[in-house]
Number of protein chains: 2
Amino acid sequence: MNSDETCARDRLLHAAAEVFGECGYKGATVRDICRRAGVGIALVNYHFRDKEGLYLEVFRNLFTRALREYPPDMGLNESPSTEERLHAFIRSLLYRLTMMEGRHAIMLREWLDPSPSLVKLHAELTNPLLKVLSEILSGLVDPHIPQEQTAHCATSIIGQCMFYSPHSMRFRLQAFPMYQERQIDTIARSITAFSLGGIRAINEEFRARGESHEG
Amino acid sequence: MNSDETCARDRLLHAAAEVFGECGYKGATVRDICRRAGVGIALVNYHFRDKEGLYLEVFRNLFTRALREYPPDMGLNESPSTEERLHAFIRSLLYRLTMMEGRHAIMLREWLDPSPSLVKLHAELTNPLLKVLSEILSGLVDPHIPQEQTAHCATSIIGQCMFYSPHSMRFRLQAFPMYQERQIDTIARSITAFSLGGIRAINEEFRARGESHEG
DNA sequence: AGTTGTTCTAAACAGACGTTCAAAACAACT
DNA sequence: AGTTGTTTTGAACGTCTGTTTAGAACAACT
């Protein structure tokens, strides 16, 4: 690769993101990472203490960078409706997932199958995002519906996005082409419409049950 | 464990399902598996050729057993409506995922992150299920809607089920209790209602766009 | 009891793994 | 040129990996 210009530490981080993404934490070897980075194997100890320290640094780096590039309110005008905010949230999540897939499948893999030592960090980073989503949903779901049901809606929405990610089974098996931006936007609109309909149905069902209980 | 009664081969399969589920393919070691099964390490070679052969056998076993116990038309009366068939499909999928989580998280892990050597087998086993789902959806989605959009709906539904599975991030982080049957049924009803609403919204949007194009 | 085939084990093999250490290369400042 | 501190390396360490081998235990049948 480009062994020049950037310093060894950065090249190490870059290669580590690739290899961890391709092979997972256990599957990746520090030898492979260092070979791709063009550095000696002792560097991972010097810069990051050990393999786990390198993994943690890569993870935090990618997460914050993706969030900076595609924030949850991405592409919104100044006074957006709640529906528009939900669409922006879904679209930005899909973009982040796709971006990570490019060279950074590590994030996706971590999301699906978190490493034990990183669960705390993971919660720290993702919980604010869940807060954003549930705040958006509070403007869409009937306020009388129990919070548990709202959480179900949030899970349904995130689940759809996660499963659309290129790493998911369907796209692996059927060899779908890599997503282009337009395709992501199409999928984002589809998931948004589907989810708004789902929320509406949940609201209607709740109201119908409420009336039948009263009557 | 129960080193008696069952033969060594079965104990090996049982332990392998546990360990593969907990640690993944790379993370699991044949030594650990054989220790839990209470057999010598050479048995994996004798019965299954190598580690991969054992993994493949475990996978096929669990998949077919789960499908036999919770078929996609589970608990349907004799002349079900399309909505009821969708509900049965979702409910059976959730039950299978939960059953596998008990001792058989291997299936779930494979679904999220398939091992390279098993992609063909995986497609072979899951494609019939996708066929069932899309057949159900053909009775719900407007027949004029392009097939691609219908596939989006299928993905949305499966994605919701997958993400509700105990292995998913949310439940790991927030330490939800293990699902009981009633909870699964509740979630199945929620996902079904959500999805039916989603499909209806997709239909309405399509018709609205069609009218605006014509008018 | 003897033979045959299957099932299982303990011990050893070769290789890959993460990690460490002494020393080399380098930069910066005196 | 000499000193100091940082960065990087090659080689080695001990451990753990999947796999194999030679043989023990066992069952079934003669």
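First the proteins, then the strands, lettered A, B, ... as listed; each starts at 1.
Distance CZ (B:Phe48) to P (D:dG18): 15 Å, rounded to an integer number of Å. One interatomic measurement links the two molecules: CZ of B:Arg35 to C1' of C:dT9, which rounds to 16 Å at whole-angstrom precision. In this structure, the OH atom of B:Tyr46 is 17 Å from the P atom of D:dA25, given to the nearest Å. For the pair A:His47 NE2 and D:dT6 C1', the interatomic distance rounds to 9 Å; values are reported in whole Å. Between B:Asp10 atom CG and C:dC8 atom C1' the separation is 15 Å, expressed in whole Å. The interatomic distance linking B:Arg31 (CZ) with C:dC17 (C1') rounds to 13 Å, in whole Å. Atom-to-atom, CD1 of B:Ile41 to C1' of D:dC16 comes out at 11 Å; the value is rounded to the nearest Å. A straight line from CG of B:Asp50 to C1' of D:dT19 spans 9 Å, rounded to a whole angstrom.
Both B:Gly27 and A:Gly40 sit near DNA chain D, but only A:Gly40 has its closest nucleotide nearer the 5' end. Where A:Arg49 and B:Arg9 each meet DNA chain C at their nearest nucleotide, the meeting point lying more 5' is that of B:Arg9.
Within the shown strands, C:dA1 is the pairing partner of D:dT30 under the Watson-Crick or G-U definition, both distances less than 3.5 Å.
Distance from the side chain of B:Ala42 is smallest for D:dT21 among the nucleotides C:dC13, D:dT21, C:dT19. Across C:dC8, C:dT20, D:dT6, the shortest atom-to-atom separation from the side chain of B:Leu43 is found for C:dC8. With C:dG18, C:dT20, D:dT19 as the candidates, the nucleotide lying closest to the side chain of A:Asn45 is C:dT20.
If you check every strand for non-hydrogen atoms under 4.0 Å, B:Ala8 touches sugar and phosphate atoms only. Residue A:Val39 is in sugar-phosphate contact alone, with no base atom involved, counting any heavy-atom pair closer than 4.0 Å across all strands shown.
Judged by distance alone, the side chains of A:Thr186 and A:Arg182 never bring a donor and an acceptor atom under 3.5 Å apart. Side-chain contact check for B:Asp50 and B:Tyr55: no donor-acceptor pair (N or O, by modelled atom type) lies under 3.5 Å.
A distance of 7.5 Å separates OG1 in B:Thr29 from NZ in B:Lys51, rounded to the nearest 0.5 Å. Annotation: the span from A:Ile90 atom CD1 to A:Leu86 atom CG amounts to 4.0 Å, rounded to 0.5 Å.
Salt-bridge check for B:Arg35 with B:Asp32: passed, with a basic side-chain N closer than 4.0 Å to an acidic carboxylate O.
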